[in-house]
Amino acid sequence: MHLISVNIGRATASEHTDAESGMTGHGKRPVPGPVRVVAPGPRATGLGSGLEGDAVCDRRHHGGDHQAVYAYAREDLDWWEAELGRELPGGLFGENFTTSGVDLNTARLGDRWRVGADLLLEVASARIPCRTFQGVLGESAWVRRFTRAGRPGAYLRVLEEGRVSPGDTIEVVHRPDHDVTVELWFRAFTTERALLPRTLAAGAALEPAARATARRYMEKHAAQEKHRAGAGAE
């Protein structure tokens, strides 16, 4: 398991972004490295990306500690190449790390990766597609197609800072004892909301905003069940 490429995005003008600046850092390109990777701080107030020199232009919705690094597997890019009939170079999906040998869809929230000599990352969530992604890729109905395929890639948080370069090894050094995978998280927060309570099994690996969403869902449905039970007793 290793990094094929480390990808950095520069801020460029786009008609597809919701950022007030009208800029996006989505279109990323491989760089030779080494690239410093740090915990960027809270969303909206921190650095945005965990990679030095990588632009996150809409910090209201993207970036921050729980989306410090976005990884996408070369194997999934190859699958999409066959589906779309076009070449998809590393970085085109907006990923910081293009990986090889890692099944990101079955990775569990809380999995910890040692990348290279120093960097320690933790799997935090899946990527949910947006209109900027669709606009950059130029594929019609792309958000729907990407969601239906269920190959979202993984967001990671930085536990120990370090520098990485293409070719660096990836070692899974910790795997938690639950079944909340990247794929399950993605389904729960997109097309199968009934799965939301299951994501709570990830414990502290589940980011606070996602935990709050899952709990609201449970509270809402508990109230509905109570109301139906009361109505049935009358």
Output the distance between atom [atom1] ([X]) and atom [atom2] ([Y]), rounded to the nearest 0.5 Å.
X	Y	atom1	atom2	answer
L92	R29	CG	CZ	7.0 Å
L109	L156	CG	CG	9.5 Å
L3	W113	CG	CH2	8.5 Å
L119	E161	CG	CD	9.0 Å
T213	E207	OG1	CD	8.5 Å
L121	R112	CG	CZ	11.0 Å

So which atom in [X] and which in [Y] form the shortest heavy-atom distance, rounded to 0.1 Å?
X	Y	value
V182	P152	CG1-CG, 3.9 Å
S5	G90	OG-CA, 4.3 Å
A154	V123	CB-CG1, 4.4 Å
A126	F186	CB-CB, 3.8 Å

Partners of E75 by salt bridge (Lys or Arg N to Asp or Glu O under 4.0 Å), sequence neighbours excluded?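 Listed in chain order: nothing, the list is empty.
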Within the structure provided, determine whether [X] and [Y] are in side-chain contact (heavy-atom separation under 4.5 Å).
X	Y	result
F146	R127	yes
R216	L196	no
D65	P40	yes
N105	T181	no
R215	L200	yes
T199	L184	yes
L84	W142	yes

Side chain of [X], backbone of [Y]: donor and acceptor closer than 3.5 Å?
X	Y	value
H66	S125	no
Y72	R151	yes
N96	Y70	yes
Q134	V143	yes
R211	L206	yes
R108	R175	no

Sequence neighbours left out, what passes ring-ring contact (aromatic ring centres under 6.0 Å, His included) with F189? Give chain and number order.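 Applying ring-ring contact (aromatic ring centres under 6.0 Å, His included) to F189 gives W185.
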Hydrophobic cluster mates of L120, side-chain heavy atoms under 4.5 angstrom, ILVMFWY only, any path?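 Taking Ile, Leu, Val, Met, Phe, Trp and Tyr as members, L120 shares its hydrophobic cluster with L159, V173.
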Centroid-centroid under 6.0 Å between W79 and F93 rings: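 Judged by ring-centre distance (under 6.0 Å), W79 and F93 do not meet the cut-off.
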Partners of E81 by side chain to side chain contact (heavy atoms under 4.5 Å, CB included), sequence neighbours excluded?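 Counting only residues at least two positions away or on another chain, E81 forms a side chain to side chain contact (heavy atoms under 4.5 Å, CB included) with R74, D78, E87, L88.
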So, using side chain to side chain contact (heavy atoms under 4.5 Å, CB included) as the criterion, who are the partners of P166 when residues are at least two apart?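 Side chain to side chain contact (heavy atoms under 4.5 Å, CB included) list for P166, sorted by chain: V6.
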With a 4.5 Å cut-off on side-chain heavy-atom distances among I, L, V, M, F, W and Y, is there a chain of contacts connecting I4 to L51?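 Cluster IDs for I4 and L51 differ.
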Please name all residues satisfying side-chain hydrogen bond (donor to acceptor under 3.5 Å, both in side chains) with R145, sequence neighbours left out, ordered by chain then number.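 With sequence neighbours excluded, R145 shows a side-chain hydrogen bond (donor to acceptor under 3.5 Å, both in side chains) to no residue whatsoever.
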May I ask you to say whether E139 pairs ionically with R86, meaning some side-chain N is under 4.0 Å from a carboxylate O?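 Yes.
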Could you tell me whether E171 and R114 make a salt bridge, using a distance below 4.0 angstrom between a side-chain N and a carboxylate O?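 Not counted as a salt bridge, because no side-chain N and carboxylate O are separated by less than 4.0 Å.
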Please lay out, stage by stage, how E95 and K28 fare under the test salt bridge (charged side-chain N to carboxylate O under 4.0 Å, His left out). CA-CA 7 Å; E95 79 272 18; K28 302 188 188 302; over 6 Å; no
